[in-house]
There are 2 protein chains.
Amino acid sequence: MAQPSGEARRRPSMDDVARAAGVSKAAVSKVIRHAYGVSPEMRDRVERTIAELEYRPRVAARVMRGQSFTIGVEIPNLGNEFFTEVMAGASSKLRGSPYQMIIAPGLGDGRGAQVLESLSDRQVDGMIAISPGVSSEWLERLGEEIPMVMLGRHDRAISYDTLTNDDALGAELAVSHLIERGHQRIAHLTISSDEESWPRTPHGIRHRAYIDTLEARGLTPVVSTCEYSSASAYAAGRELIASGQITAIFVGNDALAIEVLRALADLDLTTDSVAVVGYDDIPLASHPRISLTTVSQFGRHMGALAIELLLERIVGGRTDSRHEVVTPELRMRASSAAPAPLLN
Amino acid sequence: MAQPSGEARRRPSMDDVARAAGVSKAAVSKVIRHAYGVSPEMRDRVERTIAELEYRPRVAARVMRGQSFTIGVEIPNLGNEFFTEVMAGASSKLRGSPYQMIIAPGLGDGRGAQVLESLSDRQVDGMIAISPGVSSEWLERLGEEIPMVMLGRHDRAISYDTLTNDDALGAELAVSHLIERGHQRIAHLTISSDEESWPRTPHGIRHRAYIDTLEARGLTPVVSTCEYSSASAYAAGRELIASGQITAIFVGNDALAIEVLRALADLDLTTDSVAVVGYDDIPLASHPRISLTTVSQFGRHMGALAIELLLERIVGGRTDSRHEVVTPELRMRASSAAPAPLLN
DNA sequence: AACAGTTTGGAAACCGGTCTACAAATCTTG
DNA sequence: CAAGATTTGTAGACCGGTTTCCAAACTGTT
């Protein structure tokens, strides 16, 4: 039965199994899906044949009528440890279920919609996404086609679930903490965005809360923006520090904050001169060499919760939308431990 | 034309497009695939209808006869920045091509094969994988079904391509460097594995080279193993350091090395007491707060190269296998800068 | 005008599953 | 033991694309 070399082997189809077992295709299908109407003997015979032929159904064919048993996760950025935490949480929740998780990395800019379409084209049974740049109207339409959970969306939706942390509270915790440490000149480094959706994104809300918190205490905001890249965050951070006008920086997230720490070190300074606070509480933030004060939004938990919500839709058939909000917590560490220095 | 609310919208099919444009399904298919035999007027008319209906072909249906335009990437672990670098390299190379990349995270242990099967069931057009635990025979069979590039495999394969760095050289660079710095008691922390494939895995080869390099200079190896997790690496590293018997640790990769740095700091020690060298040169290694001496294996480049090899198979139709080896380079940083301390 | 060669568009088979509808076989029950 | 109910297995339609094959229309040539 040796195959002619060079020629690709054809994997067995359900027909092959049916023929080998001397039954119908429909019977094999029933056995595979654990459907009703199969005698123990038939099940046994078919299962043995399946094992013998090493048969596995092709997902594409299955998709055309049934389900794909695939859950798609879109993340805007591969390099940010926060997202890998979310995925780890999601992944753990999926273990043991028949669902396979696939991750589609974003393409940068406002191209998140393309990735979501691409997942939808692959007919995943449901999807989880973090796409701040995509419009709500567009998502509502997509949500009507496919079960969906969006992370980091503060608007309540109709056709899909939303899951976020209380970014306003989180930012307030961070900024208040710096003020309590005696800081008066606190800058904010955030990700630039010319989208009109900006005010409702996590970074937009943190930005707003930063300004509100400062102004409530009579302090002046100093806002700097950067692109979603290490190099850009480094440059923006370095400029802020070099200006000598500030004693603390509240950075939009931990990944960027760590670049600010890099700039600080490259300028031969420490967090005693300029305190740094991030957002997300990625694992690295607790590393003693980094020891970054930050706000935890429980990424692993969010990932797990997102899967729960999604499975409620896929398996449970829920169609009304839910909006869950996680309460963030401040994590005080060395990067904001020193008292605020005096500016000369 | 409003849809009854609550009912899921059905997305348009190729038939809908054909009907709306007043042509046949086959014609629409030809237009989409840019196939031969379509007049400019027909192309125009169909394309307009496609745009109007916002039609996008379903990948599953397309897969049944044609291609999926999907490339699957299996990675053993989400948390390791080295893998995200590889994927970033792959992703950048795919930009602008019609192929979409999907990532399937491993399930830990030796369950890599399951993920590969799962990708194969989804009929990706090709896949890239990093599965040290899977047997070569099994991979050869899979390679006959689907274009495949394996990373970190030192064996030459027949049905798929292999791409690796010279781990023996890399480990030798690392260990020699420590010896030149005056270290005599150099430990190695590596990932445990009871697989028989161990000697041919990257970590196995680094381990072998470590021993060979030490013994060539008449030094005694001290090997410690840990699981593929931060907590385990931390514990193993801490134990090695606390033993007081060594002045340097060559760690299997950067992600684990950074956990060793954590243990070191928690013990109120610095790399002046125990030098640390990693492997991979992840972006974080160059952070001044970390400044980890390591060996670069050019992850981004490897990711890009893997895609090139894969596309040669998918698009170019190459069937003979290739085996590419990248030459690693030492990156000297602060974690090994101090002269070796004397052991009391 | 007749003919061969080339373009163009469509009908229908096909991919590999799921699912519906139904017939045959078996089991209950009076 | 007949009638009805239930269980078991199958044929065939179906999903939405791709691909093959063929007929019709058009082109150019003599």
Side-chain angles (χ1 to χ4, degrees), chain A residues 8-47 49-50 53-70 98 118 120-125 145-146, chain B residues 8-47 49-50 53-70 98 118 120-125 145-146:
Chain A
R9 297 192 307 130
R10 194 179 68 83
R11 60 189 275 181
S13 75
M14 184 172 275
D15 247 335
D16 297 329
V17 175
R19 210 166 311 129
V23 299
S24 73
K25 237 173 42 163
V28 178
S29 177
K30 278 188 189 175
V31 169
I32 283 186
R33 290 174 295 122
H34 302 103
Y36 175 82
V38 186
S39 65
E41 303 82 56
M42 156 102 10
R43 169 177 308 289
D44 200 56
R45 185 141 62 106
V46 170
E47 273 173 352
T49 313
I50 286 175
L53 268 57
E54 295 184 353
Y55 168 75
R56 290 194 320 277
R58 258 148 285 203
V59 172
R62 165 172 274 182
V63 160
M64 302 215 57
R65 296 282 299 210
Q67 312 172 54
S68 65
F69 291 103
T70 306
S118 151
S120 158
D121 295 344
R122 280 164 182 75
Q123 279 157 288
V124 293
D125 288 343
E145 282 178 8
I146 179 174
Chain B
R9 298 190 309 128
R10 194 181 66 83
R11 62 188 275 180
S13 74
M14 185 172 274
D15 247 335
D16 297 329
V17 176
R19 210 166 312 131
V23 299
S24 73
K25 242 177 33 167
V28 178
S29 176
K30 279 187 190 173
V31 170
I32 284 186
R33 291 174 296 121
H34 302 102
Y36 175 82
V38 186
S39 65
E41 303 83 56
M42 157 91 34
R43 169 177 309 288
D44 200 57
R45 184 141 61 106
V46 171
E47 273 174 351
T49 313
I50 286 175
L53 268 57
E54 295 184 352
Y55 167 75
R56 290 195 320 275
R58 258 147 286 202
V59 172
R62 166 171 273 182
V63 159
M64 301 214 58
R65 295 283 298 213
Q67 313 171 53
S68 64
F69 292 102
T70 307
S118 154
S120 159
D121 295 344
R122 280 163 183 75
Q123 281 159 285
V124 293
D125 288 342
E145 283 178 7
I146 180 176

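Keep in mind that this is a model prediction, so the values were computed, not measured. The chains referred to below are lettered A, B, ... by the order of the sequence lines, with proteins before strands, and numbering in each begins at 1.
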For the pair made of [atom1] in [X] and [atom2] in [N], what is the distance, rounded to whole Å?
| X | N | atom1 | atom2 | result |
| --- | --- | --- | --- | --- |
| Leu53(A) | dG17(C) | CG | C1' | 16 Å |
| Arg19(A) | dG9(D) | CZ | P | 20 Å |
| Met42(A) | dA25(C) | CE | C1' | 13 Å |
| Arg58(A) | dT18(D) | CZ | P | 18 Å |
| Arg45(B) | dT8(C) | CZ | P | 15 Å |
| Met14(A) | dC14(D) | CE | P | 19 Å |
| Lys30(A) | dT20(C) | NZ | P | 11 Å |

Presence of [X] side-chain N/O under 4.0 Å of [N] phosphate oxygens OP1/OP2:
| X | N | result |
| --- | --- | --- |
| Tyr55(A) | dG17(C) | yes |
| Ser24(A) | dT10(D) | yes |
| Arg33(B) | dT19(D) | yes |
| Arg65(B) | dG17(D) | no |

Using a 4.0 Å heavy-atom cut-off, does [X] contact any base of the nucleic acid, only the sugar-phosphate backbone, or nothing at all?
| X | answer |
| --- | --- |
| Ser29(B) | base |
| Val63(B) | nothing |
| Val23(B) | sugar-phosphate |
| Ala26(A) | base |
| Val38(A) | sugar-phosphate |

Nearest-nucleotide wise, let me know which of Gly37(A) and Lys25(A) is further upstream toward the 5' end of DNA chain D.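 This one resolves to Gly37(A).
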Would you say Arg122(A) and Thr70(A) are linked by a side-chain donor-acceptor pair, where the criterion is simply a distance under 3.5 Å?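 No - no donor-acceptor pair under 3.5 Å links their side chains.
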Using the closest heavy atom to pick a nucleotide of DNA chain C for each, name whichever of Ala61(B) or Glu41(B) lands nearer the 5' end. Glu41(B)
Would you find a donor on one side and an acceptor on the other, under 3.5 Å apart, between the side chain of Arg45(B) and the backbone of Ala21(B)?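 Checked: pair present.
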